[in-house]
*Asks:* 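Below is a structure I'd like to ask you about.
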Amino acid sequence: MMKFKRFELTGVVPRPEWWRVRPEEISADCTAVRKGKTEVIAETPAGFPVYAVTYNDFRLPRRRINWSSASATRHPELYGNGDGAPQTLLIAAGIHGCEVEGVVVVSNLMRLLETGRDWRGQERPELLKLARHYRLVLLPCVNMDGRAISPDHRIGADLIECRKAGGGIAADGQPIRWPAMKEHFPLPLDQVQYPGGYPNSAGYNIMHDATPGNFRTAEAAALCRLADEVRADFFLNLHSQPEGADVFTIQPQTLGYPANQVTEREYQKRLSEALTRAGIPNHSNHDSPPSPCINLNTIVSLSCGAPTVTVEFASRLAASFDQVLEAGYIVLETAMRMGLEKPFVDRATLIRGKR
């Protein structure tokens with residue numbers, strides 16, 4: 001049961017009908033899937049299901065080994081999905097429930113895959129053509145608890161109100177800001193007026209539930225288990241931020257494999273170029289030093305050997321609802337085009353040397 005009510009932003013325009021981000025809409029879309037396969041991989045503390053939806057599924061070879069064991073052999077490629085199998089693209093949205101942009105992107109991708117048109121009724125033939133080459137494993141909203149108490153969008157909202165909706169409201173009425181919101185794990189819910197959409201209803205920021213052997217959330221544990229089970233080849237982690245108008249990606253992590261860092265930086269560079277061609281404000285961190293941060297991306301990579309990229313959409317300062325979705329389509333298409341030119345990960349080279 002949710003302890004806190006949904007945060008209502010004032011002075012923002014109503015969302016369009018195709019902007020489907022409420023928990024009941026997410027559940028309806030996932031249970032209506034016919035061309036893919038839907039499963040519930042976890043239950044949140046408030047009792048919401050966490051869905052994974054797979055398209056272009058195939059029968060995996062019998063599991064012989066996990067990634068940790070494979071990485072210690074002379075044949076780390078034994079962990080893969082087998083010769084000729086499509087690459088697996090794992091995409092997660094809504095790890096922070098207040099960040100709805102990724103939820104919208106995945107929702108409309110699912111609609112395209114089901115009907116050939118997105119929720120606006122528009123076609124995206126190039127994206128569908130690219131998608132046919134991949135097994136897609138989609139998590140439309142990981143943090144359904146945070147989503148349930150967060151606004152439907154933050155476009156055009158006051159910055160302070162956005163901060164409150166995301167990071168929460170302290171006992172003194174002030175917004176809990178980044179990075180101070182990460183100084184507790186879990187957030188002490190009895191000491192705040194409102195927890196924001198970052199944590200789940202138990203106060204845990206799922207993005208930083210990244211201690212192997214001591215997961216605190218069913219959501220993070222399920223995501224890492226899924227990454228291993230499907231043997232993901234690339235992980236896109238969709239987030240958003242209210243401070244700027246740019247779409248950007250977080251630089252690779254210090255603990256990542258060097259070969260994966262090359263892949264991640266190449267994707268960052270290509271995405272920035274594609275967004276620029278489309279006239280969407282952005283900046284690239286592809287030449288920034290690696291981040292020392294350890295988070296869920298780190299553990300996903302250690303679970304399956306895949307490169308991982310976090311994309312931050314603009315929320316408050318996005319030009320329009322449609323621009324958010326267009327940016328999301330470019331995020332997906334850029335990854336899919338890149339993976340066709342060269343596989344996202346060659347697990348043998350991760351261990352043996354340069355790619």
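Because only heavy atoms are used, hydrogens play no part in the values below, and waters and symmetry mates are left out as well, while side chains stay in. Since the model is a prediction, treat every value here as computed from it, not as a measurement.
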*Asks:* Testing the 3.5 Å rule here: is there a donor-acceptor pair between the side chains of E101 and S240?
*Replies:* yes
*Asks:* Classify the side-chain pair Y79/D228 by whether it contains a donor and acceptor separated by less than 3.5 Å.
*Replies:* yes
*Asks:* Where is the tightest heavy-atom contact between V53 and C30, given as atom of each residue plus distance?
*Replies:* CG2-SG, 4.0 Å
*Asks:* How close do L189 and A202 get, heavy atom to heavy atom, and via which atoms?
*Replies:* CD1-C, 3.9 Å
*Asks:* Answer yes when E333 and K129 have at least one side-chain N-carboxylate O distance shorter than 4.0 Å, and no when they do not.
*Replies:* no
*Asks:* Quick one about N282 and T276 (side-chain donor to acceptor, distance below 3.5 Å, no hydrogens or angles considered), yes or no?
*Replies:* yes
*Asks:* Checking side chain to side chain contact (heavy atoms under 4.5 Å, CB included) for the pair I91/V105: CA distance, chi angles, key distance, verdict?
*Replies:* CA-CA 10 Å; I91 304 171; V105 172; over 6 Å; no
*Asks:* Is it possible for you to say whether L296 and M181 belong to one hydrophobic cluster, with membership spreading through side-chain heavy-atom contacts below 4.5 Å?
*Replies:* no
*Asks:* Which atom pair, heavy atoms only, marks the closest approach of N108 to R120?
*Replies:* OD1-N, 4.2 Å
*Asks:* Looking at R34, R20, R22, R111, which hits salt bridge (charged side-chain N to carboxylate O under 4.0 Å, His left out) with D29?
*Replies:* R20
*Asks:* Between the side chains of N297 and T310, does any donor sit under 3.5 Å from an acceptor?
*Replies:* yes
*Asks:* Under 3.5 Å, which donor-acceptor pairs do the side chains of residues 169-179 form with other protein atoms, sequence neighbours left out?
*Replies:*
unit_1, atom_1, unit_2, atom_2, d
D172, OD1, Q174, N, 3.0

*Asks:* Side-chain donor-acceptor pair under 3.5 Å between E99 and N143, yes or no?
*Replies:* no
*Asks:* Examine the side chains of Y257 and E264 and answer whether a donor and an acceptor come within less than 3.5 Å of each other.
*Replies:* no
*Asks:* Using side-chain heavy atoms (C-beta onward) and a distance below 4.5 Å, is L127 in contact with L332?
*Replies:* yes
*Asks:* With side chain to side chain contact (heavy atoms under 4.5 Å, CB included) as the test, would you mind laying out the steps for L136 and M336 before giving the verdict?
*Replies:* CA-CA 10 Å; L136 302 175; M336 292 178 188; 3.9 Å; yes
*Asks:* Are more than 12 heavy atoms from other residues, nucleotides or ligands located less than 6.0 Å from atom CD of E341?
*Replies:* yes
*Asks:* Hey, mind stepping through F7 and S150 against side chain to side chain contact (heavy atoms under 4.5 Å, CB included) and telling me if it holds?
*Replies:* CA-CA 5 Å; F7 190 95; S150 296; over 6 Å; no
*Asks:* Assess whether salt bridge (charged side-chain N to carboxylate O under 4.0 Å, His left out) is satisfied between K269 and D287, documenting all intermediate values.
*Replies:* CA-CA 9 Å; K269 182 174 179 291; D287 56 357; over 6 Å; no
*Asks:* Step through it carefully: locate the ring centre of Y267, locate the ring centre of F234, and say whether they are under 6.0 Å apart.
*Replies:* yes
*Asks:* Answer yes when R154 and E161 have at least one side-chain N-carboxylate O distance shorter than 4.0 Å, and no when they do not.
*Replies:* no
*Asks:* What about H153 and F321, are their ring centers closer than 6.0 Å?
*Replies:* yes
*Asks:* Listed by chain and number, what are the side chain to side chain contact (heavy atoms under 4.5 Å, CB included) partners of A227, not counting sequence neighbours?
*Replies:* L90, V300, C304
*Asks:* Could you label the plane-to-plane angle of the F4 and Y194 rings as parallel, tilted or perpendicular, counting under 30° as parallel and over 60° as perpendicular?
*Replies:* perpendicular
*Asks:* One thing to verify: whether R15 and E25 come together as a salt bridge, which I'm taking to mean a side-chain N less than 4.0 angstrom from a carboxylate O.
*Replies:* yes
*Asks:* Under 3.5 Å, is there a donor-acceptor pair between the H96 and N205 side chains?
*Replies:* yes
*Asks:* Is the closest basic N to carboxylate O distance between D57 and R135 below 4.0 Å?
*Replies:* yes
*Asks:* Distance from L113 atom CG to Y55 atom OH, nearest 0.5 Å?
*Replies:* 5.5 Å
